[in-house]
A.B. asks: 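I am attaching a structure below and will ask some questions about it afterwards.
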Amino acid sequence: GLALARFEEYRFSDSVSYEGKYVPYAPRNTACVTLGYEHPFRNDRRIRASVTWNGVGRIWWDEANTAFQPFYSLLDAKVGLTIGHLDISIWGSNLLNTGYGTFRFRSVGRDFIAVGRPICAGLLIKYSIL
């Protein structure tokens, strides 16, 4: 996705205008690519794997376009095995441990920023009764 969201008219005061500046919190571009593979074997068994890359950025944090989050990438992966009604998967997100901000604001002269989740992994075990 590509967003060129700019203010057409935005005069904050007689001396401050944000016309032509990018709208805060709207990523300039987004991208996502997922590759997946599934292989059936022996009747009701199958193995699957997927890798997903997400890209987001640049995100301006203020109307004056003085603070921003540069473009960043996240890499996720999942590998799973299904045997009948049982599904077991291991997964990981933000595998490159990318540091990024998800939200920023200024209050009482101080900047506050929410940071994105660091590398994370897990195990999923699921049993279907139907």
Side-chain angles (χ1 to χ4, degrees):
L2 176 63
L4 297 174
R6 294 179 185 240
F7 292 114
E8 287 185 14
E9 295 180 29
Y10 186 170
R11 184 161 297 281
F12 183 74
S13 67
D14 288 339
S15 61
V16 178
S17 173
Y18 298 126
E19 292 176 23
K21 300 287 187 180
Y22 289 100
V23 175
Y25 307 109
R28 183 90 189 271
N29 42 51
T30 57
C32 179
V33 175
T34 299
L35 299 173
Y37 176 77
E38 183 172 316
H39 181 74
F41 61 97
R42 286 199 190 169
N43 301 331
D44 59 351
R45 298 178 185 197
R46 66 181 186 271
I47 190 166
R48 69 194 167 290
S50 65
V51 175
T52 300
W53 170 81
N54 286 292
V56 180
R58 167 180 291 196
I59 304 171
W60 293 101
W61 297 129
D62 61 350
E63 290 88 346
N65 293 170
T66 59
F68 65 91
Q69 166 63 57
F71 185 90
Y72 62 91
S73 296
L74 301 175
L75 185 65
D76 302 340
K78 185 176 183 180
V79 176
L81 175 66
T82 300
I83 303 170
H85 296 282
L86 180 64
D87 186 23
I88 302 169
S89 301
I90 57 171
W91 57 270
S93 61
N94 193 5
L95 293 173
L96 302 176
N97 204 26
T98 301
Y100 61 100
T102 60
F103 187 78
R104 177 193 174 271
F105 67 96
R106 186 167 188 80
S107 179
V108 195
R110 295 186 63 192
D111 290 324
F112 297 88
I113 188 160
V115 295
R117 288 180 20 191
I119 189 170
C120 188
L123 172 69
L124 175 65
I125 301 173
K126 185 170 53 173
Y127 187 83
S128 300
I129 58 173
L130 298 178

A.B. asks: Side-chain heavy atoms under 4.5 angstrom apart, residues restricted to Ile, Leu, Val, Met, Phe, Trp, Tyr: same cluster for L124 and I90?
C.D. replies: no
A.B. asks: Shared ILVMFWY cluster between F71 and V33, side chains joined below 4.5 angstrom?
C.D. replies: yes
A.B. asks: For a 4.5 angstrom cut-off between non-hydrogen side-chain atoms, does I125 reach L86?
C.D. replies: yes
A.B. asks: E63 versus Y10: any side-chain heavy-atom pair under 4.5 Å?
C.D. replies: yes
A.B. asks: With no hydrogens and no angle check, just 3.5 Å: does a side-chain donor-acceptor pair link D87 and T82?
C.D. replies: yes
A.B. asks: Give, for atom CH2 of W61 and atom CG of D111, the distance between the pair rounded to the nearest 0.5 Å.
C.D. replies: 11.5 Å
A.B. asks: Compare all side-chain heavy atoms of T34 with those of C32 and state whether any distance is below 4.5 angstrom.
C.D. replies: yes
A.B. asks: State which residues pass salt bridge (Lys or Arg N to Asp or Glu O under 4.0 Å) with R117; sequence neighbours excluded, sorted by chain then number.
C.D. replies: none
A.B. asks: Drop me the distance from L74's CG to L95's CG, to the nearest 0.5 angstrom.
C.D. replies: 9.5 Å
A.B. asks: Taking the side chain as every heavy atom from C-beta outward, state whether K126 and S89 have any pair of such atoms under 4.5 Å apart.
C.D. replies: no
A.B. asks: Give me the atom names and distance for the closest heavy-atom approach of I113 to G101.
C.D. replies: CD1-CA, 3.9 Å
A.B. asks: For P24 versus F7, what's the shortest heavy-atom pair and its separation?
C.D. replies: CD-CZ, 3.7 Å
A.B. asks: Under a 4.5 Å cut-off applied to non-hydrogen side-chain atoms, are W91 and C120 in contact?
C.D. replies: yes
A.B. asks: Same hydrophobic cluster for Y18 and V23, using side-chain heavy-atom links shorter than 4.5 Å among ILVMFWY?
C.D. replies: yes
A.B. asks: R104 and Y25: which non-hydrogen atoms are nearest, and at how many Å?
C.D. replies: O-OH, 2.7 Å
A.B. asks: Is it possible for you to say whether V108 and F105 belong to one hydrophobic cluster, with membership spreading through side-chain heavy-atom contacts below 4.5 Å?
C.D. replies: no
A.B. asks: Pairs in or reaching into residues 16-45: which pass salt bridge (charged side-chain N to carboxylate O under 4.0 Å, His left out), with residues at least two apart or in two chains?
C.D. replies: E38-R46
A.B. asks: Determine whether Y100 and T102 make a side-chain contact, defined as any pair of heavy atoms from C-beta on separated by less than 4.5 Å.
C.D. replies: yes
A.B. asks: Do you know the tightest heavy-atom contact between S93 and D76?
C.D. replies: CA-OD1, 3.1 Å
A.B. asks: Does a side-chain heavy-atom distance below 4.5 Å link H85 with I129?
C.D. replies: no
A.B. asks: Within the supplied structure, the quantity of interest is the number of heavy atoms (other residues, nucleotides, ligands) at a distance under 6.0 Å from F112 CZ; does it exceed 12?
C.D. replies: yes
A.B. asks: Say you draw a straight line from CG of N94 to CG of L75; how long is it, rounded to the nearest 0.5 Å?
C.D. replies: 8.5 Å
A.B. asks: Would you name the heavy atoms of Y72 and T98 that are closest together and state the gap between them?
C.D. replies: CB-CG2, 4.1 Å
A.B. asks: Nearest 0.5 Å, please: how far is OG1 in T66 from CH2 in W60?
C.D. replies: 8.0 Å
A.B. asks: Hey, does the Lys NZ or Arg CZ of R6 hover above the aromatic six-ring of Y22, less than 6.0 Å from the centre and inside 45° of the axis?
C.D. replies: yes
A.B. asks: Report yes or no: do V51 and I119 belong to one cluster of Ile/Leu/Val/Met/Phe/Trp/Tyr joined by side chain heavy-atom distances under 4.5 Å?
C.D. replies: no
A.B. asks: Distance from I88 atom CD1 to I83 atom CD1, nearest 0.5 Å?
C.D. replies: 6.0 Å
